[in-house]
Amino acid sequence: MTSQRAQLRPIPPEFFSRDPREVARDLLGKLVVRRQGRHRLVARVVETEAYLGENDPAAHSSSGRTPRNEVIFGPSGCAYVYFIYGKYYCLNVSCEPDGIAGGVLFRAVEPVEGIPTMAKNRELPDFPVYRLTNGPGKLTQALAITRAQHNGMNLTDRTQSLYLADDGFPRPRIRTTPRIGITKAAARKLRYIIPDNPFVSKA
DNA sequence: GAGGAGATCGTCT
DNA sequence: GACGATCTCCTCT
């Protein structure tokens with residue numbers, strides 16, 4: 001699964017102005033591109049979860065708009081980064097048109113470019129590559145994504161230090177499973193994975 | 001390899 | 001004042 005030389009085309013805003021379930025599915029195989037100083041970090045999306053807005057009890061937006069979650073109520077294609085468990089950041093992209101809540105959580109990615117820098121960011125250089133980014137808190141650490149720097153950033157703009165891209169990777173096989181780590185609406189199958197990919201988070 | 005407990009703090013009640 | 005869209009370490013098998 002490599003594509004070092006392929007051209008990276010930013011994903012247009014319309015892609016995200018849809019139901020989060022469609023966006024979560026279609027994001028599998030796409031790329032997260034992060035410019036960190038002189039380094040370029042690229043990773044392929046292999047696991048996502050859809051959060052549906054005010055009718056989804058598990059979603060942050062379910063109890064209405066707050067300063068914390070306002071990005072997922074805003075225009076589509078923007079980064080919603082939140083802080084959790086006193087230690088970790090999680091990366092989402094806002095979906096649906098402006099004014100409607102909805103988002104997709106990035107749960108796992110496969111490193112494609114800049115692996116040494118990702119390992120350095122993780123501060124665990126001895127870890128095998130597959131453990132660098134196989135979880136939502138891990139991938140933000142590996143890609144040095146923070147709320148202060150990236151929350152609200154337009155991920156459809158290739159001039160930003162973080163954006164989403166398509167390199168023409170063929171549409172992968174996809175499987176849906178229940179979401180992970182939640183207690184409300186836990187039975188709904190809104191997690192999307194590339195089956196058998198070693199970079200998918202466990203469980 | 002599986003399972004359980006603790007860490008740690010921003011956000012909302 | 002309680003909780004959480006998590007991770008790592010430790011113990012046991």
Side-chain angles (χ1 to χ4, degrees), chain A residues 16 19-25 27-28 32 43 45-74 76 78-96 100-111 118-153 155 162 164 175-194 196 198-203:
Chain A
F16 301 99
D19 188 302
R21 286 169 285 204
E22 295 178 30
V23 178
R25 182 195 62 206
L27 273 175
L28 295 180
V32 179
V45 180
V46 300
E47 177 177 350
T48 58
E49 279 180 3
Y51 286 87
L52 303 184
E54 300 186 60
N55 293 324
D56 180 358
H60 287 175
S61 50
S62 64
S63 49
R65 195 169 187 150
T66 69
R68 179 200 195 197
N69 66 20
E70 64 179 350
V71 173
I72 43 179
F73 287 84
S76 63
C78 293
Y80 169 47
V81 182
Y82 65 87
F83 189 64
I84 189 74
Y85 294 114
K87 266 187 201 164
Y88 304 103
Y89 293 101
C90 292
L91 172 67
N92 297 245
V93 58
S94 59
C95 300
E96 304 279 17
I100 302 176
V104 171
L105 168 70
F106 293 86
R107 280 199 59 88
V109 297
E110 172 180 348
M118 293 185 200
K120 206 170 170 181
N121 289 338
R122 290 273 282 132
E123 296 175 346
L124 293 166
D126 296 337
F127 269 32
V129 174
Y130 81 92
R131 288 185 61 180
L132 287 178
T133 55
N134 63 336
K138 300 182 195 179
L139 73 90
T140 53
Q141 196 176 20
L143 298 175
I145 293 168
T146 62
R147 179 171 170 89
Q149 200 178 158
H150 298 102
N151 192 49
M153 184 174 278
L155 300 180
L162 180 69
L164 299 169
R175 192 155 70 85
T176 62
T177 80
R179 291 177 292 189
I180 304 237
I182 56 172
T183 53
K184 304 167 197 159
R188 304 183 71 170
K189 295 179 93 173
L190 295 175
R191 174 174 175 248
Y192 299 78
I193 64 174
I194 300 180
D196 304 323
F199 296 88
V200 167
S201 73
K202 67 174 225 169

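These numbers were taken from a predicted model, which means no experiment stands behind them. Lettering follows sequence order; numbering is per chain, from 1.
- Residue A:E70 contributes atom CD, which lies 15 Å from atom C1' of B:dC12 at whole-angstrom precision.
- In this structure, A:R107 reaches the C:dT6 phosphate: one of its side-chain N or O atoms is under 4.0 Å from OP1 or OP2.
- Contact record, A:M118 with A:L143: CE-CD2, 4.0 Å, taken as the closest heavy-atom pair.
- In this structure, CD1 in A:I193 is found 10.5 Å from CZ in A:R107, a value given to the nearest 0.5 Å.
- Of the two residues contacting DNA chain B, namely A:R147 and A:Y88, the nearest-nucleotide position lying further toward the 5' end is that of A:Y88.
- Across all strands shown, B:dT8 forms no Watson-Crick or G-U wobble pair with both distances under 3.5 Å.
- Using a 4.5 Å cut-off on side-chain heavy atoms (C-beta onward), A:L155 and A:F16 make no contact.
- The base of B:dA7 lies outside donor-acceptor range of the side chain of A:Y85, with no N or O pair under 3.5 Å.
- Here the OH-CD distance, from A:Y89 to A:Q141, works out to 11.0 Å after rounding to the nearest 0.5 Å.
- Here the P atom of nucleotide B:dT11 and the CG atom of A:N69 are 11 Å apart, to the nearest Å.
- For the pair A:Q141 and A:I72, both in contact range of DNA chain C, the more 5′-proximal nearest nucleotide belongs to A:I72.
- Both geometric conditions, a ring-centre gap below 5.5 Å and a plane tilt below 30°, are not fulfilled together for A:Y82 over the base of C:dA5.
- For A:L139 and C:dA5, the CG to P distance is 16 Å, given to the nearest whole Å.
- Listed nucleotides C:dC7, C:dT6, B:dC9 differ in distance to A:F83; the shortest reach to its side chain belongs to B:dC9.
- The nearest whole Å value for the distance from the CD1 atom in A:I193 to the C1' atom in C:dA5 is 17 Å.
- A:S63 comes within contact range of no nucleotide atom at all, as no heavy-atom separation falls under 4.0 Å.
- Summarising the geometry, atom OG1 belonging to A:T140 is positioned 11.0 Å from atom CG belonging to A:L162; distances are rounded to the nearest 0.5 Å.
- Put simply, A:K184 has no side-chain N or O that comes within less than 4.0 Å of OP1 or OP2 on C:dA5.
- Between B:dA7, C:dA5, B:dT11, one nucleotide has an atom nearer to the side chain of A:R68 than all others, and that is B:dT11.
- One atom, CG of A:L52, and another, C1' of C:dA5, lie 13 Å apart when rounded to the nearest Å.
- The aromatic rings of A:H60 and A:Y80 lie perpendicular to each other, with more than 60° between the two planes, well past the 30° mark.
- Contact annotation for A:G86: base contact, defined as any heavy-atom pair under 4.0 Å involving a base atom.
- Each of A:T183 and A:G135 lies near DNA chain C, and the nucleotide nearest A:T183 is the one positioned closer to the 5' end.
- Rounded to an integer number of Å, the gap from A:I84 CD1 to B:dG10 P is 13 Å.
- The CD-C1' distance, from A:E123 to C:dT8, rounds to 14 Å in whole Å.
- The side chain of A:K87 sits closest to B:dT8 out of C:dG4, B:dC12, B:dT8.
- Taking atom CG on A:N151 and atom C1' on B:dT11, their separation rounds to 13 Å, with Å as the unit.
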